[in-house]
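These notes concern the structure reproduced below.
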Amino acid sequence: METQSESSSQEPFETHCVIELSTKCNADFVEWMIQRIQSPKSQGGAELLVRSVRDVNTNQYAFLHICAPTYRLLMIAEWLELMKPDMQDNEALREFTVKTLSRFVPEGGYPGDLFDYAEKARMVYFEIHELRAKDDETDRFYKTDKIRFSVGQSIITKIQRKDLINQIFSLHEKEVLKLLSKDWISLSFSKKQPLDRIRAYFGEHISIYFAFLGYYTEMLVPATILGFSMFFLQWFSAGSLQSTAAFAIFNVLWATFFFERWKRYCNRLSYKWGVLNKTNQELELPRAQFKGSMGKNPVTGQPEPVYSVVQRNIWIGLVSAPVVTLCLFLTLYILGTYLHTQLRLSEEYLKNPTIMLFFGKFAPSAVYTICINIFRSVYKYIATWLTDKENHRLQTSYEFHLIWKLLLFNFINSFSSLFYIAFWLQDLDLLRSHLAAQLITNQILDQFPETLMPYAKVQYEKWRLKRELRNEQKKRTARGENVDPNFEALRDQATIESELPEYLGTFDDYLELFLQFGYCFLFSSAFPIAALFALINNVIEIRGDGFKLCNIMQRPFARPANSIGPWQLAFELMGFAAVTTNLALIYVSPPVHEYFSHASDGQLIMAFVVIEHLLIFAKLGMTVLIPTVPRDVAIAMAKTEYDMKLAVKERRAQESRKEIEAQIQAKRWSRRAVRGDPRQGASPSTRSLPTSPQDDVTFVRSIN
C-alpha cells in the first residue's frame, strides 16, 4: 500500500530527496518521522511534503519521497545565504533574501525557477538534517527500536548512525541529463566542457574537479609539444645537455605558472557560482559518524555532539602517526626485497641464461604486484579506520586527514622504485622504460575497472529491476494504488536508482591526476614524452568520468566548494620536489661529468644547490607576482561588500529614525499630560521629527 501526505499546495510533487528505510524500521517509527518532516517550523518540524512508498510484498515502508514547496525553498535559501544574480543590477551576485525577491525574479517569472534541482536537493538535505529531538522524544522509541535521542540532537544523523536508514539520495533528471551527456561526453574534441551546466546538475564540488581536469589537460599541450621535440632531439643527439637542462627548467616553472593561473581561474568560477567567500566551516553540518557528548555549536548555538580536540590530537599523535609510519616502512621493506631479488636473478641469468632463470626473473615482479595490491587494500582499510577513530566533526576535516594518509602511501608505492633506479642504480635507460611502463599500464588498467565493468553491471541490474517493477505495477494497479502517473514514474525511478553504486567523491580521481603529474614532472628530463601520454589519457578521462557520473552512479548531493582543497597543496609540493629530482637527474647523467670534467664533485654539488635555490626562488616569485584573484573579480567583490554594508546602514538609519521619533513623541506626550496641555489628545503617530536645530537641542536635553 502507498500512502501520501501533502499540504494543500497545488504545486506538482517533485522529489528532491529520497530516504531508503531499513527493514528494521517499524511502522510507528516511520510515521513519527513523516509527521516530524511535515509539521510546521513553529512546532520544530521541517514543513516539507512527504510521500511514502511501501514494499509491494511485505507492506513495510520502503522509501520516503521528500519535496519542498516553493515558499520553503525561498526561506531555506535565505538561511543558507545563497548568492543569486540581481536582475535590477546587471545580474551582479547578491545574497538572496525573501524581502528582496523581486530583484532576483524577472517580471512575470515564477519564484521556484530561481533554483536548479541540485540546489533544491541540497536545501532539502540540509533541512531534514536540521530536525532536532524534543524533550518528550528522547526515549520514545528506545523499547521498540533501541534508539535514544538527546534533547536537540539531529534526528536524521542519529537514525543514520543506528542503520535505520539505508541511504539518502536524489534522483537524476532524465531529460536534462540526456542533453548534458550529449554536449559533455561527445567525441568532439573542439567543444569545451559545459561547466555551468555541470555545476547546475552536480554542484560545485564536482564541477571544480572537472574544471581542474580540463585546465590541467590544456596545460599539458605546450609541455607535450616541447617534450615531443625534446624526445627527438635526445634520440638524434644523446649528449645534448643544454636542451635537457632547458626542458627541465621549463617544466618546473611551467607547472608553477599553471597552478597560479589555475587559482585565478578557480576564483573566477567560484565568484561566478557565488561560493568564493563561503569559507566558514563552523556552519557545516557535523558528519553522521561524529560522536561525542551533547553540547552547543559555539557559532550557531544549536545543540550538537562535542568532542575534545585534545583527545583527538592524542589519538593522532600516539596511534595514527606511529601506525602510518610503520606501514610506510613496511612498504619500503617490501619494495627493497623485490628490487634486491630482481637484480640478483637478472645477474644470475646473465651469467647462466637458462630457460628456468629466464622465466624465474619475472617471478619477483609478479609476487611484488600481488603483495603490494593486497597491502594497498589493507592499508586503505587501516587508514580509514584510524581516521574514523580520530572522530572529525566535519567532512572536510575528515577528508583532509584521510587524503594525506593515503597520499603518503601512494607516493612511496608509486615513486620509490623510480627513485631507486634513478639515484641508486643511476640507470637512466631503465628509468625511462620503467616510467613508461608504469604510466601507460596504469592508464590502460584504470579505465576498464572504473567504467566498463561497472557500466555492464548497472545495465544488467536496471534490466532486472525493470522486469520486477512491471510485475509490481500489476499488483499495485489491482489494489488501486496507481492514482498519480507522475509519482508512479518517480517511485519506479527511485527503486532503480537505489541500486546504483553511490558516488564516493573525487578522491580517487584527484589521486590518479596527482600520480600522473608526478610521472610527468618529477622525471621529465629523463622521459620528455610523458606529457603526451598524460594528455591522451586526460582527454579520455574527462569523458570517462563524465560517462560514469551520468550513466553509472547515483546522483550525488551538491556540495559547495571554491577550490580543490588539500590537493592544491599536494600538487604544489610535488612541483617543488620536481625541481630537486630533475636537477639531480641532470647531475647524475654522464654528459654532465663529461662536459664539466675539470670540475670536482664538490663544485658540481655546490652548483646544483645554487641552481636549485634559484629555481625555488623563481617559483616563489611567480607565486607572489601573479595575483590569485583577477582584478575584475576583486572589484566586483568589493562592490558587493560595499552594497551590502550600505544596505545595512540604510536599514539601521531607518530603524534609528523610527526609534528617535517614537521617543520624541513619547516624551512630548508625557510632558503635556503632566501640565494638562489641551493638545494631549492628539495622536503621537500624526507628528514627525522636528527639523530645526532648536528642536534637536530641546530633545537631547529632555532625554538627559
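Side-chain contact between N413 and L335 is absent, with no heavy-atom pair separated by less than 4.5 Å. No side-chain heavy atom of N251 sits under 4.5 Å from any side-chain heavy atom of N582. Within the 4.5 Å cutoff, the side chain of H613 has heavy atoms near those of the V609 side chain. Taking the side chain as every heavy atom from C-beta outward, F411 and M574 approach each other to under 4.5 Å. Two residues are said to be in side-chain contact when any heavy atoms from C-beta on lie closer than 4.5 Å; Q88 and R94 fail this criterion. You'll find the side chain of P627 reaches within 4.5 Å of the side chain of R264, heavy atoms only. Two residues are said to be in side-chain contact when any heavy atoms from C-beta on lie closer than 4.5 Å; F169 and E502 fail this criterion. Within the 4.5 Å cutoff, the side chain of L195 has heavy atoms near those of the I198 side chain.
Atom CG of N537 and atom CD1 of I542 lie 10.0 Å apart (nearest 0.5 Å). Remark: S181 OG to N551 CG distance equals 5.5 Å, nearest 0.5 Å. Taking SG of C520 as the reference point, atom CG of L435 lies at 8.0 Å (rounded to 0.5 Å). F557 CZ to I206 CD1: the interatomic distance, rounded to the nearest 0.5 Å, is 12.0 Å. Here E81 contributes atom CD and T97 contributes atom OG1; the two are 11.0 Å apart, rounded to the nearest 0.5 Å. Taken from SG in C266 to CD in E204, the straight-line distance is 11.0 Å, to the nearest 0.5 Å.
No donor-acceptor pair closer than 3.5 Å links the side chain of T100 to the backbone N or O of F96. Using modelled atom types, one side-chain atom of R543 and one backbone atom of V539 make a donor-acceptor pair closer than 3.5 Å. Although no hydrogens or angles enter the test, the distance criterion places no donor-acceptor pair under 3.5 Å between the side chain of R268 and the main chain of V633. Formation of a donor-acceptor pair under 3.5 Å by the K405 side chain with backbone atoms of T387 is not found in this model.
Under 4.0 Å is where a charged nitrogen must lie from a carboxylate oxygen, and between D545 and K548 at least one such pair does. Between E390 and R312 there is no salt bridge, since no side-chain nitrogen of the basic residue lies less than 4.0 Å from a carboxylate oxygen of the acidic one. Under a 4.0 Å N-O distance rule, the pair E119/R122 does not qualify as a salt bridge. Look at R559 and E399 and you find a salt bridge, because one of the NZ, NE, NH1 or NH2 atoms lies within 4.0 Å of a carboxylate O, short of that distance.
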Might you work through the side chain to side chain contact (heavy atoms under 4.5 Å, CB included) test for Q516 and E541, ending with a clear yes or no? CA-CA 12 Å; Q516 181 198 89; E541 187 76 17; over 6 Å; no
Is there a side chain to side chain contact (heavy atoms under 4.5 Å, CB included) between Y379 and T331 once you walk through the steps? CA-CA 10 Å; Y379 178 78; T331 305; over 6 Å; no
Carefully, step by step, assess Y587 and E612 under the rule side chain to side chain donor-acceptor pair (under 3.5 Å). CA-CA 12 Å; Y587 171 77; E612 178 195 40; over 6 Å; no
Begin from the C-alpha positions of Y271 and V629 and carry the test side chain to side chain contact (heavy atoms under 4.5 Å, CB included) through to its verdict. CA-CA 10 Å; Y271 173 76; V629 179; over 6 Å; no
Could you walk me through whether L500 and I552 pass the side chain to side chain contact (heavy atoms under 4.5 Å, CB included) test, one step at a time? CA-CA 7 Å; L500 297 179; I552 298 175; over 6 Å; no
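Closest approach of L431 to A422, counting heavy atoms only: CD2-CB, 3.8 Å. Between T581 and L522, the closest heavy-atom pair is OG1-O, 2.6 Å. Nearest heavy atom pair, residue S207 against residue W273, reads OG-CZ3, 3.3 Å. Counting all heavy atoms, side chain and backbone alike, P566 lies closest to I403 at CG-CD1, 3.8 Å. Nearest heavy atoms, V275 versus A561: CG2-O, 3.3 Å. When all heavy atoms of S524 and A248 are compared, the pair lying nearest together is OG-CA, 4.4 Å.
Ring centroids of W184 and F210 are separated by less than 6.0 Å, placing the two rings close together. Between F507 and Y209, the distance from one ring center to the other does not fall under 6.0 angstrom. Aromatic pair Y510/F514: centroids not less than 6.0 angstrom apart. Residues F419 and F415 place their aromatic rings such that the two centres sit no closer than 6.0 Å.
Ring geometry for Y216 against F212 counts as parallel: the plane angle stays under 30°, on a 0 to 90° scale with 60° as the upper cut.
T628 and K263 are not linked by any side-chain donor-acceptor pair at a separation below 3.5 angstrom, with hydrogens and angles left out of the test. No hydrogens or angles considered: a donor-acceptor pair under 3.5 Å links the side chains of Y398 and D388.
Screening Y265, W254, F517, W567 for a ring pair (Phe, Tyr, Trp, His ring centres under 6.0 Å) involving F259 leaves a single residue, F517.
Applying the 6.0 Å contact sphere to CZ of F228 captures no more than 12 heavy atoms from other residues, nucleotides or ligands. Within 6.0 Å of CE on M622 lie more than 12 heavy atoms contributed by other residues, nucleotides or ligands.
By the 6.0 Å and 45° rule, R555 stacks over the aromatic ring of Y201.
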